[in-house]
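To start, the structure itself, in structure tokens.
The figures here come from the full heavy-atom set of this structure, side chains too, leaving out hydrogens, waters and symmetry mates. A, B, ... follow the sequence lines: proteins, then strands. Residue 1 opens every chain.
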Amino acid sequence: MAVPYNHTEIENKWNAYWKEHPINTDESKEKYYCLDMFPYPSGNGLHVGHWRGYVISDAWSRYKLMQGYHVIHPMGWDAFGSPAENYAIKTGRHPAVTTAENVAHIKEQISQISDLYDWDREVNTTDPSFYKWTQWIFVQMFKKGLAYEKEMPINWCPSCQTGISNEDVVGGRCERCGSPVTKRNMRQWMLKITAYADRLLDDLQLLDWPEKVIKMQSDWIGRSYGAEVEFHVDGMDEVLTVYTTRPDTLYGATFMVMAPELKLAGELATPEQREAVDAYIEATSMRSSVDRMQDKEKTGVFTGRYAVNPLNGKKIPIWLSDYVLSDYGTGVIMCVPAHDERDFDFAKKFGLEIIPVISPDGEEHELTEAYIGTGKVINSGDWNGMDSDDLKQKAPHILEEKGIGRKQKNFKLRDWVFARQRYWGEPIPIVHCEKCGCVAVPEDQLPVLLPDVESYQPTGTGESPLAAIEDWVNTTCPQCGGPAKRETNTMPQWAGSSWYYLRYVDPHNDEALVDREIADKYLPVDMYIGGVEHAVLHLLYSRFYTKFLYDIGVVDFQEPFKKLFNQGMITGENGIKMSKSKGNVISPDDLIRDYGCDSLRMYELFVGPPEQESAWNDRGIDGVRRYLSRFWTLACDSIEADVARTPEMEKLIHKMTYDITNRFDGFYLNTVISGFMEYNNKFIDLAKKTGGIDKETIGTMCLMLAPFAPHICAEIWERLGHDDCIYDHAWPTYDESKLADDLVEIAVQVNGKTRSVIEISAEASKDEAIAAAKDAVASRLTGTIVKEIYVPGKIVNIVVKG
RNA sequence: GCGGGCGUGGCGGAAUGGCAGACGCAUCAGACUCAAAAUCUGACGUAGUUUCUACGUGCGGGUUCAAGUCCCGCCGCCCGCACCA
């Protein structure tokens with residue numbers, strides 16, 4: 001009898017062995033880059049939910065290794081950001097110190113998952129040798145005019161006390177802390193991501209990404225096509241330009257609405273309306289975005305002014321309303337209540353005119369709601385009778401010919417608010433000189449080191465804590481040598497993560513962000529694994545960075561991540577997200593001790609479909625542990641018995657290889673694990689008859705299990721008499737001809753209901769199969785047989801009438 | 001409101017249009033044991049007249065020889081967007 005499966009002994013042995021004898025060292029092979037989204041090293045450590053993505057990528061990496069690739073599988077730390085800083089504020093300990101402690105702890109935890117990580121490639125975004133290049137990229141963007149300073153109203157998180165980007169606002173709240181976001185006018189560094197809007201949208205089709213993420217990015221970028229139209233303000237020397245996607249409805253414009261935030265909004269008011277307009281502007285400025293989002297009841301005020309419809313000279317009133325966004329298009333819209341739901345609501349509420357200009361049947365009807373469909377153009381002068389779709393295409397050109405408008409496209413995407421008024425981030429490498437203005441820090445002076453500061457506390461004034469360090473702030477202009485001040489804002493946490501994947505392939509390079517030849521060899525990333533929460537944050541930003549780096553010749557590809565996989569979250573038993581405050585965090589440490597790393601790795605995959613959210617079940621891991629234990633016993637007994645291979649064994653291992661390979665390729669990882677269990681049961685049954693399974697078959701099972709349970713497989717592999725590394729062996733292949741059984745079970749149905757199951761030869765003809773089937777269900781074939789269906793290997797269905 | 005996804009035993013889940021419930025958890029019974037744990041063997045959708053039959057994949061229709069799977073209409077849950085003109 002075999003000794004029982006002792007996971008602790010086996011795992012300690014092989015962990016020590018692999019430390020001395022790393023696998024995956026042959027760099028002459030073709031590369032495969034499998035990347036995890038790098039973690040933020042928090043003080044809480046990892047829980048079993050964090051493991052899931054890492055186990056998926058590790059198993060996939062090992063699979064690729066066995067398919068003959070040199071696998072790039074690095075790990076690093078996204079270590080700038082508010083939790084470390086908040087901790088520093090609370091305890092007075094420097095974030096660099098606490099970050100280093102956290103990195104050490106999490107590195108140890110991650111090392112428990114796998115011995116495959118290549119720690120020579122480790123990167124840390126807070127390391128000056130890393131953020132030197134984060135700053136370098138900013139300087140290049142500045143030089144190309146893609147980084148610019150601007151004073152404008154931006155999103156402000158009152159809790160983090162910093163400006164944040166559009167992408168950082170999720171449902172009107174700060175992505176980091178959940179506080180409702182307000183607006184604040186302030187000086188900002190912006191990145192012109194909108195210059196890449198078309199490319200970011202169009203190149204999505206090159207990507208093997210989940211459709212959901214493609215859709216989210218595509219909606220976020222939000223391209224639309226339409227026209228700009230110019231309206232003169234009656235009695236003022238002022239032109240209002242609007243953007244519309246429906247220039248075909250221009251004759252139906254019965255009023256205009258301007259966003260109350262625009263400077264012009266106040267200036268338009270007539271003396272009679274002055275008071276009401278000022279009150280409205282004041283009132284809307286007080287509303288938070290959460291408030292504005294929840295309450296969609298239209299509000300507004302008439303300015304007293306009229307604009308002139310450039311097509312027919314009709315005077316239409318100009319209103320202010322906060323349903324018009326100040327930062328999209330021109331902040332002013334022409335309103336066609338007959339054909340736009342929002343304009344319809346507004347017109348109904350304030351009693352404004354509604355003129356239909358499109359009708360499905362060419363007749364004018366009383367409208368109870370906006371008609372947003374297509375049809376024949378009516379009430380529109382010489383446009384009458386046209387097809388509205390056709391007109392929609394032609395109208396911009398007509399407007400252009402008349403000199404009152406032009407074709408235009410627009411994006412929902414806004415430029416990236418890139419400055420943070422916080423301490424723990426990369427200093428923006430800019431110097432403000434009275435004479436020269438904004439000057440980039442020369443590249444040979446990078447990195448601009450983050451100085452020590454007495455108080456990490458955000459000031460709340462819109463100034464960074466760095467502003468208080470006078471001897472750091474005061475400097476000389478790199479251009480004219482005159483007195484100058486350093487930029488005191490820091491970069492958002494997304495800065496380092498936007499390009500970190502590049503650095504892994506050349507992490508120690510002092511001369512360049514990445515050596516071009518090395519980049520060409522190892523990049524881009526073939527498989528990227530992480531949570532879906534970064535769909536329009538990190539994943540959008542890093543695509544933008546990559547395209548920019550392509551444009552300036554740093555890399556030779558335009559998309560960083562060829563394939564993306566989003567693993568589902570693992571929640572507590574009741575489906576509630578694991579968190580320290582809810583007390584439902586499951587730590588992997590005890591589980592490794594009690595069940596072993598191999599069992600935990602396999603249960604992480606078995607718990608549910610990898611892309612789906614799954615609830616942790618504490619007892620579920622028992623099943624996986626039992627499976628490994630049974631496999632261990634089967635293997636050890638078989639090694640001892642050393643029986644010869646039988647045709648049944650051969651057939652079964654080919655079937656197993658076929659099933660496991662297909663499921664693995666399809667990323668159906670939970671069914672890969674259930675497949676191992678299922679086949680193991682079958683082999684145990686077989687072994688009962690034959691006294692054991694031949695060693696070659698056990699070896700094949702080991703090879704397939706090795707990506708999932710590395711330690712137990714290495715041990716059995718050694719006990720099988722091999723003295724080489726299991727991962728140097730190719731993933732097993734199967735022989736199609738060995739998959740088919742001689743006899744197959746066929747379900748026999750009468751009128752679609754299964755009445756019997758027969759066993760026939762796999763080679764049986766249709767006639768033979770149907771004859772055998774009829775025999776089996778003879779007593780039920782009382783009427784006329786109207787149809788006979790035979791699906792080889794599956795089913796016979798006999799349709800009887802009467 | 002719009003868009004996307006999902007709905008299968010007590011639970012997690014499995015099923016290229018072809019025997020629904022693989023695999024596992026839990027439960028029950030048996031073996032081993034003084035006993036328990038572990039392990040092994042077996043049962044395990046519901047109902048009934050229990051070697052058999054009927055019903056059964058959120059609800060109602062439809063297509064098909066055959067539907068968890070495809071189509072139409074509902075209901076429920078989850079996610080994303082949220083006045084982008």
Take atom CZ in Phe667(A); do more than 12 heavy atoms of anything else shown fall under 6.0 Å from it?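 Above 12, so yes.
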
Any idea which of [options] is nearest the [X] side chain?
| X | options | answer |
| --- | --- | --- |
| Asp322(A) | C83(B), U39(B), A14(B) | C83(B) |
| Ser674(A) | A22(B), U16(B), G3(B) | A22(B) |
| Trp220(A) | C81(B), G18(B), C83(B) | C81(B) |

Indicate yes or no for a side-chain donor-acceptor contact from Asp340(A) to the backbone of Asp343(A) under 3.5 Å, with no hydrogens or angles considered. yes

Students often mix this up, so state it plainly: with edges at 30° and 60°, are the rings of [X] and [Y] parallel, tilted or perpendicular?
| X | Y | result |
| --- | --- | --- |
| Tyr658(A) | Tyr734(A) | perpendicular |
| Tyr541(A) | Trp416(A) | parallel |
| Tyr627(A) | Phe631(A) | parallel |
| Trp632(A) | Tyr5(A) | tilted |

Quick one: label Tyr323(A) by what it contacts on the DNA or RNA (base, sugar-phosphate, nothing), any heavy atom closer than 4.0 Å.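 Base contact.
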
Most 5' of Gly331(A) and Val607(A) on RNA chain B, judged by nearest nucleotide: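 Residue closer to the 5' terminus by nearest nucleotide: Val607(A).
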
Is [X] close enough to [N] that one of its side-chain N or O atoms is under 4.0 Å from OP1 or OP2 there?
| X | N | answer |
| --- | --- | --- |
| Arg755(A) | A54(B) | yes |
| Lys753(A) | C55(B) | yes |
| Ser224(A) | A85(B) | yes |
| Tyr328(A) | A85(B) | yes |
| Gln612(A) | G13(B) | yes |
| Asn670(A) | A14(B) | yes |
| Arg630(A) | U39(B) | no |
| Arg626(A) | C40(B) | no |
| Asn617(A) | G24(B) | no |

Readout for nucleotides 61-69 of chain B: B = base within 4.0 Å of protein heavy atom, S = sugar-phosphate only, - = neither; 5' to 3' it is ----BS---

Take atom [atom1] in [N] and the same atom in [M], then report the distance between them in whole Å.
| N | M | atom1 | result |
| --- | --- | --- | --- |
| A54(B) | G4(B) | P | 41 Å |
| U8(B) | G58(B) | P | 6 Å |
| G45(B) | C11(B) | C1' | 14 Å |

Spell out yes or no: do the side chain of Lys212(A) and the base of C79(B) have one donor N/O and one acceptor N/O closer than 3.5 Å? no

Is the base of G9(B) syn or anti, if syn means a glycosidic angle within 90° of 0? syn

Specify the glycosidic conformation (syn or anti) of U46(B), with syn defined as within 90° of 0. anti

Flag for Arg223(A)-Tyr225(A): side-chain donor and acceptor within less than 3.5 Å: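 Checked: Tyr225(A)/Arg223(A) side chains pair up, N/O donor to acceptor below 3.5 Å.
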
Would you please indicate yes or no on a ring centroid separation below 6.0 angstrom for Phe664(A) and Phe708(A)?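 Yes, ring centres under 6.0 Å apart.
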
